[in-house]
Each structure stands twice: as C-alpha cells, then as structure tokens.
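I have placed the structure first, in the form of structure tokens, so that the comments after it can refer back to it.
Keep in mind the model is a prediction, meaning the values are calculated, not measured. All values below come from the heavy atoms of this structure, side chains included, with hydrogens, waters and symmetry mates left out.
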Amino acid sequence: MYIEMFNGWYFFWLALSAGGIAALYFGLRNKSVKLQKSVLFSLLAFGLLLHFLKVYIPPYSVDEARMLRDSWFVNICGANIALFPFFFWSKNDKVKDYMFYIGVLSGLIALFYPQEPIAKVDQSAEQLDIVRFYYHHWMVLAVPLLMVLFGHHKLSFKRILSAPTGLLLLMLFIMLNQIFQSELGFIPLRDRSNFFGIDYKNTSYIWGPGENDAIGDFLALFTPDFFKTVPVGEFAGQVKYWPWFWMICPVYILVTPLSFLLCLVFERKSLKIGIKGKKKAKV
C-alpha cells in the first residue's frame, strides 16, 4: 500500500472516508435517536480500544520502546481519541462545540495530508497501522460531524472561542502526558545536557517548531517575540520557545476563523437572525 500525495491509494482512502460518512448518514438519518447515538458512540469506543490494541501490530509490536511510548496520548488526535467517548455524553455545549470544531478540522487535515502513512512508504509490515491511522482520523471527523447533522447538538456563533480555548487545554493535557513519560523514562523529551534541545514526540508543537519545519515556522509568525526567547538567567536573550505559551496566539488567530467558517456552514440562519436582531435593537 504505497501512499503519497495524490496517487491512487491517497484518493482511495479519501473516497472511502467520504463514502463511510455518507453511508452512516443515509443509513441512520431516519432511525431513532437512541440507535444513532449508540452507533456513533460505538465508533468512538472502538477507536479507543484500537488505540491500545495497536501494540499487537508493527511497528509497535516489534519495538518495545515505541510500544510503551505511543500507548500514551501524545498528540492532538491521540488525545481526542481518549477524550471523545466521554465528551460525546457531555451535556456541556462548549465541550460538544470543541468536539465538533477540532474533530472536524484535525480529521480533515490528517486525511488530506496523511503524513504518517506517507512516511511508511514501502514498509509493508506496517500496512495494518496505516489502516488504523485512517480509521482513527476518520472517526474523529465522522462522529462529531454526524452528531451535528443528526441534530444531537446545535452549534452557536456565541461559543466559537470554545474551539481554540479547548485546543489549548488539550495541549496542556498532552504536555502533562509527555512530562510524565519523560519523568518515568518512557521518552527522553529533551537532551538533558542541552537546555535548548527538543527530542521527539513534538507533533503537536508544544515545545516549539522543529528545525527546517515549514508548519512550525508558519505558526511562529503569529507568536510574539517575547515567547521565543529566554527572559532571565544565564541563557537570557537566546532563542527558546516557551513550552505551550508560544502556541496561544497562533491557536486563537488561526483556529477561531476556521471554526467560524465551519459554524457558518451549519448555522447561517442563526447568524442572519442574530444580525437582524441587533439592527432592530439599535433602531
């Protein structure tokens, strides 16, 4: 299964993902709410189970260090896989909004730019992990999307900031995961002899952009210089991204308008009513 941008397998998985969502929508749209929710939750529960079952397939089953390391929730989609089954039953509208916006955005990004499968070119032993990758990222997109399409949750423009705020809180969750992993010996988060070193497991950019990292460098454009340097001490003035803090501005600047556009797709009428209401109030 050779996957690269815009080849046959790339479009196969995109078509299968879209087809799966369409099949679930048309198959469940006239069914009871109980059945709809049961099916959607089952997809999330299976995803969480699959996260742990992956230790029985390559590359995790043949690399104990990676198996122990990646069984934790070490990136945004991985953390969502852990939390979405619980968020699904939440009665908090902001939690559900976060689930929709970040689930749809992160799922779309992963499916349209599948970095991990592309990196597994010619690694035939890891094909099952490619299937797992697509299921997990399809799931975090499909379930929140269908949740809104079926009317189980109603979006609101007034809660748009729940997306960037929730994402930053999720990054704190990931950061704590990585700190515990490092302290317990699962990962060498950074070279202990180098205060500025970032080792691996930085896919969520919590510790700063990597070297020659186009995406990280783009995010850094929205970060104040203050968050890019050591403020005090013997290393004062040297380039050092503040863990997590450096992402605050990029997340709010980029995620907020994207969430607004997603909300606009589903809640155009609500926006028009709100604007008309404000105009009448002014008159």
Under the side-chain hydrogen bond (donor to acceptor under 3.5 Å, both in side chains) test against R132, which residue among E116, Q127, H137 passes? E116

Is the W242 ring parallel, tilted or perpendicular to the F226 ring (thresholds 30°, 60°)? tilted

Kindly assign one of parallel, tilted or perpendicular to the pair W89 and F41, based on the angle between their ring planes and the thresholds 30° and 60°. tilted

Decide side-chain contact (heavy atoms from CB on, under 4.5 Å) for L43 and Y135; before the verdict, give the C-alpha distance in whole Å, the side-chain angles of both, and the deciding distance to 0.1 Å. CA-CA 9 Å; L43 295 174; Y135 176 80; 3.7 Å; yes

Any idea how F266 and F100 line up, ring-wise: parallel (<30°), tilted (30 to 60°), or perpendicular (>60°)? perpendicular

Apply ring pair (Phe, Tyr, Trp, His ring centres under 6.0 Å) to the pair F222 and F218, showing each step before the final yes or no. CA-CA 8 Å; F222 304 95; F218 172 72; 5.3 Å; yes

Do the side chains of P250 and T223 get nearer than 4.5 Å, heavy atoms only? yes

Quick note, salt bridge (charged side-chain N to carboxylate O under 4.0 Å, His left out) partners involving residues 9-19, not counting sequence neighbours, are none

Would you please classify the geometry between the H152 ring and the F150 ring as parallel, tilted or perpendicular, with 30° and 60° separating the classes? tilted

Kindly give the heavy-atom pair with the smallest separation between M139 and P144, and that separation in Å. O-CD, 3.9 Å

Taking D97 first and then K94, would you say they form a salt bridge - that is, a charged N and a carboxylate O separated by under 4.0 Å? no

What is the ring orientation for F84 with F87, classed by angle as parallel under 30°, tilted 30 to 60°, or perpendicular over 60°? tilted

